[in-house]
Amino acid sequence: MNNSTVDAQDQAAAGPPAAGRSWRGRSELGVCLLLAALGVLVLTDALSMPVDFTQRGPIGPKAVPVLVGSALLVVAALLARDVLRGGRGAAEGGEDVDPDTPADWRTVLLLSGAFLANAALIDTAGFPISSAVLFWGACYALGSRNPVRDPLIAATLAVVTWIVFDELLGVPLPGGPLLGVL
């Protein structure tokens, strides 16, 4: 049997679309709406951004958000066009995931705690310390238990990230108590 015969049999078995069933199989349109809304939000935010204090060259801080927002709108439109023409997402096959296995809530809660700790500490402790807590917390939540390597890598990554953004890119991040040291 070729694919056209299988498609014709599937359509015949489904019958004509009843009222209210015409959206069945088009759940991807919800993703299109989400992408379009996100694109509009990003563009609106980017175009209303004050840039006087951060402009350092011909390409300012608006360039990347405008590009990302525009790309979100284009992808939303292309996906909607594909879905309305009958396109469907391919079923996931070949992944080594058991859909009947329950979620690992411990890992989710530990990662959430690391993100919340980062948000709570960034103003008082500064970016390097709060990010080191975030990076170490993510390592711990995902299963790494090396008590020497993990904090050292987390601290190094946090300080290097802070230096790159603060010194090289000119994006001021809170230094906290390490501001005078670094």
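Side-chain atoms of Leu73 and Leu35, non-hydrogen and from C-beta on, never get closer than 4.5 Å to each other. Side chains of Ile153 and Phe135 form no contact here, defined as non-hydrogen atoms less than 4.5 Å apart. Side-chain contact check for Thr124 versus Ser130: every heavy-atom pair is 4.5 Å or farther apart. With a 4.5 Å cut-off on side-chain heavy atoms, Thr161 and Ser131 do not count as touching. Residues Leu111 and Thr107 form a side-chain contact, since some pair of their non-hydrogen atoms from C-beta on lies under 4.5 Å apart. Two residues are said to be in side-chain contact when any heavy atoms from C-beta on lie closer than 4.5 Å; Phe127 and Ile122 meet this criterion.
At least one donor-acceptor pair under 3.5 Å links the side chain of Asp150 to the backbone N or O of Asn146. Judged by distance alone, the side chain of Ser48 and the main-chain N or O of Asp45 form a donor-acceptor pair under 3.5 Å. Under a 3.5 Å cut-off, the side chain of Trp162 and the backbone N or O of Leu173 do form a donor-acceptor pair. In this structure a side-chain-to-backbone donor-acceptor pair under 3.5 Å is present from Thr156 to Leu152.
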**OP:** Apply the test side chain to side chain contact (heavy atoms under 4.5 Å, CB included) to residues Leu43 and Val66: give CA-CA distance (whole Å), side-chain angles for both, the deciding distance (0.1 Å), then the verdict.
**Re:** CA-CA 5 Å; Leu43 279 175; Val66 167; 4.1 Å; yes
**OP:** Could you please spell out the steps behind the side chain to side chain contact (heavy atoms under 4.5 Å, CB included) verdict for Leu121 and Val133?
**Re:** CA-CA 9 Å; Leu121 290 174; Val133 169; 4.1 Å; yes
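For Arg145, the CZ atom counts as densely surrounded, since its 6.0 Å shell holds more than 12 non-hydrogen atoms of other residues, nucleotides or ligands.
Considering all non-hydrogen atoms of both residues, Ala76 and Cys32 come closest at CB-O, 3.5 Å.
To the nearest 0.5 Å, atoms CG (Leu47) and CE (Met49) are separated by 8.5 Å.
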